[in-house]
Amino acid sequence: MRIPTVKKGEVVAIVRPAIEGKAGLTVTGLTIFPKPVYEMVVKNGKGIVLMEEGVKVVAIEAGRPQFQIRGMMAKVSIMDKLYHQQDVDITTGNIRFTGDVEVTGNVEEGMEVAAEGDILLQQNVNMAKITAGNSLVIKGNVIGSEIIAGKSNLLIAECAHLLGEMIVQMKLIIVAVEQLYRTSAFKTTDIQKIGLSSLLKILLESKFKSFPALVKQFHEKTREGKNVLDEEWLNFANRLYLSFFTIHPGELKGIEDLVRIKQKLEEFHHFSMMPPDPNSSIHLPYALNSKIYCSGDVIINGQGCYNTKIHAGGELKLNGFMRGGDIYAALGAEIAEAGTKGGLQTKIVVPANQHIRIKVAMEDTIVQVGKRQHRFLQETRNIHARLNASNELLLH
């Protein structure tokens, strides 16, 4: 496999302006108007600088360029690589690295390997935790472990719900503050001197008791992802924590600060709802009693999985068997064999616009497309589960 590399000072990318489309005609002479275009927003990550007013993306370190794309936003970083040529165990300690990691030995019980870039593990993973910012390849078996690729996308998706709830309450808090501003009991001049801390404390202890708890959860979630989330997320979470949980005096001066925080909440929420870059992936041959999460594709290219939970933000391709466990695949699933003759429940779920293909399904295999579900009571072959135009579940 060829790994692209760049030298210090090399131009990694050029940001070209969006070009408006031109109107065209249908065969009947009607005008077809082009869709609107949007400028790409480029952020510089580790080892990158933007030059010539953001037109050129230039490496200030040598290494492998990494592009993380979410909607119309792209973050470019330069990743270096750590080679660990032995087992990861209690004698070596855990591995946490900002670039790529390759381990030639096993990852033993209770250990962790985490990397912001790609991870390549040449041997087995036994009761350990593996977290890759991008893609993950495991050559050996995975036993009783937690495997994650695209961790930042997982954390951002988990933050989306919290952000949505905070936006709703923040709008109500702003309305309440505006109403209090108009009363004679609260003079605006006094509030400007002491800030909003006293007023907010009263509101949060009376009408908005759940808001500080949401802020605390968001703060804890971003701290959990401090190694994979952008500094902007961490700084914003800290400001929320100081303003609304510890209620640090002077953190908020006036209602304009509340409005700016609301706008920032909406900006982060909009970003969290964008589909993530699907480039992250997981490849492994066999998993037992494990949890696997990936914001992109999951490829099980060996014997298969036993009693394992899989979440794939892209496609799931399983060339062997799936014995027990749960699967969710956002872009569809293809499985050679699902279920067991003993009737151990195996569940495969995809969205309403996707499909499930299974060559052999044993009893107690459940397929679910959208909200439509079917349980197989006997061995069935050549299944193609999908919904028709009437929202009925078709199995062949």
Side-chain angles (χ1 to χ4, degrees), residues 1 118-122 124-125 130-143 145-151 153-154 157 275-340 344-362 364-370 373-374 376 379-387 393-396:
M1 187 173 73
D118 296 338
I119 294 178
L120 172 58
L121 305 178
Q122 299 285 3
N124 300 318
V125 178
I130 312 298
T131 306
N134 200 31
S135 291
L136 173 56
V137 176
I138 302 173
K139 299 289 185 69
N141 297 326
V142 175
I143 311 295
S145 299
E146 185 176 1
I147 309 297
I148 302 170
K151 179 69 180 290
N153 294 323
L154 171 61
D277 177 11
N279 286 340
S280 65
S281 62
I282 290 177
H283 290 71
L284 55 88
Y286 175 79
L288 168 66
N289 296 334
S290 296
K291 294 179 181 179
I292 299 170
Y293 172 89
C294 183
S295 61
D297 298 339
V298 175
I299 313 295
I300 312 295
N301 50 21
Q303 190 177 0
C305 293
Y306 189 92
N307 197 30
T308 291
K309 186 173 184 178
I310 301 174
H311 178 108
E315 292 182 283
L316 169 77
K317 292 185 178 180
L318 205 159
N319 297 332
F321 59 75
M322 183 71 188
R323 308 263 193 251
D326 296 294
I327 290 174
Y328 174 82
L331 297 181
E334 294 185 12
I335 301 169
E337 185 178 311
T340 66
L344 181 64
Q345 180 176 296
T346 305
K347 188 174 183 180
I348 303 110
V349 181
V350 299
N353 62 341
Q354 296 300 330
H355 69 268
I356 301 169
R357 292 184 184 272
I358 306 173
K359 290 182 180 179
V360 181
M362 302 291 188
D364 277 342
T365 297
I366 298 171
V367 293
Q368 181 175 326
V369 183
Q373 188 179 101
H374 177 80
F376 292 95
E379 182 180 315
T380 309
R381 294 178 176 271
N382 300 322
I383 296 148
H384 181 199
R386 75 275 187 204
L387 299 181
L393 181 60
L394 305 178
L395 295 175
H396 295 285

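Between the side chain of Asn307 and the main chain of Asn289, no donor-acceptor pair closer than 3.5 Å is present. In this structure, the side chain of Arg323 engages the main chain of Gly339 through a donor-acceptor pair within 3.5 Å. Remark: side-chain polar atoms of Ser135 are paired, donor with acceptor, to backbone N or O of Ser281 under 3.5 angstrom. At least one donor-acceptor pair under 3.5 Å links the side chain of Arg386 to the backbone N or O of His396. At distances below 3.5 Å, at least one donor-acceptor pair connects side-chain atoms of Gln368 with backbone N or O atoms of Gly370. The backbone N or O of Gly296 sits less than 3.5 Å from a side-chain atom of Ser280, completing a donor-acceptor pair.
Rounded to the nearest 0.5 Å, atoms CG (Asn382) and NZ (Lys359) are 9.0 Å apart. Glu334 CD to Lys317 NZ: the interatomic distance, rounded to the nearest 0.5 Å, is 5.5 Å. To the nearest 0.5 Å, atom CG of residue Asn319 and atom CD of residue Glu337 are 13.0 Å apart. The NE2 atom of His311 sits 8.5 Å away from the OG atom of Ser295 when rounded to the nearest 0.5 Å. A distance of 10.0 Å separates CD1 in Ile366 from NE2 in His374, rounded to the nearest 0.5 Å. The CD1 atom of Ile327 lies 8.5 Å from the CD1 atom of Ile356; values are rounded to the nearest 0.5 Å.
The two residues Ala287 and Ile292 come nearest to each other via the heavy atoms CB-CD1, 4.0 Å. Counting all heavy atoms, side chain and backbone alike, Val298 lies closest to Ala312 at CG2-CB, 3.8 Å. The shortest heavy-atom contact between Ile383 and Ala361 is CD1-CB, 3.2 Å. Summarising the geometry of Ser145 relative to Val125, their closest heavy-atom pair is OG-CG1, 3.4 Å, with the distance given to 0.1 Å. When all heavy atoms are compared, the tightest approach of Ala149 to Asn134 is CB-O, 3.4 Å. Across all non-hydrogen atoms, the minimal contact from Val350 to Ala333 is CG1-N, 4.1 Å.
Side-chain atoms of Val367 and Leu395, non-hydrogen and from C-beta on, do get closer than 4.5 Å to each other. The side-chain heavy atoms of Lys139 and Val137, taken from C-beta on, include a pair separated by under 4.5 Å. Under the 4.5 Å side-chain criterion, counting only non-hydrogen atoms from C-beta, Phe376 is not in contact with Met362. Taking 4.5 Å as the limit, some side-chain heavy atom of Ile335 sits within range of a side-chain heavy atom of Leu316. Under the 4.5 Å side-chain criterion, counting only non-hydrogen atoms from C-beta, Thr365 is in contact with Ile348. The shortest distance between side-chain heavy atoms of Asn141 and Leu288 does not fall below 4.5 Å. When side chains are defined from C-beta on, Asn124 does not count as touching Ile143, because their heavy atoms never get closer than 4.5 Å. Residues Ile299 and Ile282 fail the side-chain proximity criterion, which asks for heavy atoms closer than 4.5 Å.
The neighbour count for Tyr306 OH, taken as heavy atoms of other residues, nucleotides or ligands under 6.0 Å away, does not exceed 12.
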_Under the criterion side chain to side chain contact (heavy atoms under 4.5 Å, CB included), I'd like the reasoning laid out for Val360 against Glu379: C-alpha separation, chi angles, the key distance, then a yes or no._
CA-CA 7 Å; Val360 181; Glu379 182 180 315; 3.9 Å; yes
*side chain to side chain contact (heavy atoms under 4.5 Å, CB included) between Leu393 and Leu387, worked out*: CA-CA 5 Å; Leu393 181 60; Leu387 299 181; 4.1 Å; yes
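Taking the six-membered ring where the residue is Trp, Tyr286 and Phe321 present perpendicular rings, their angle passing 60° and hence far from 30°.
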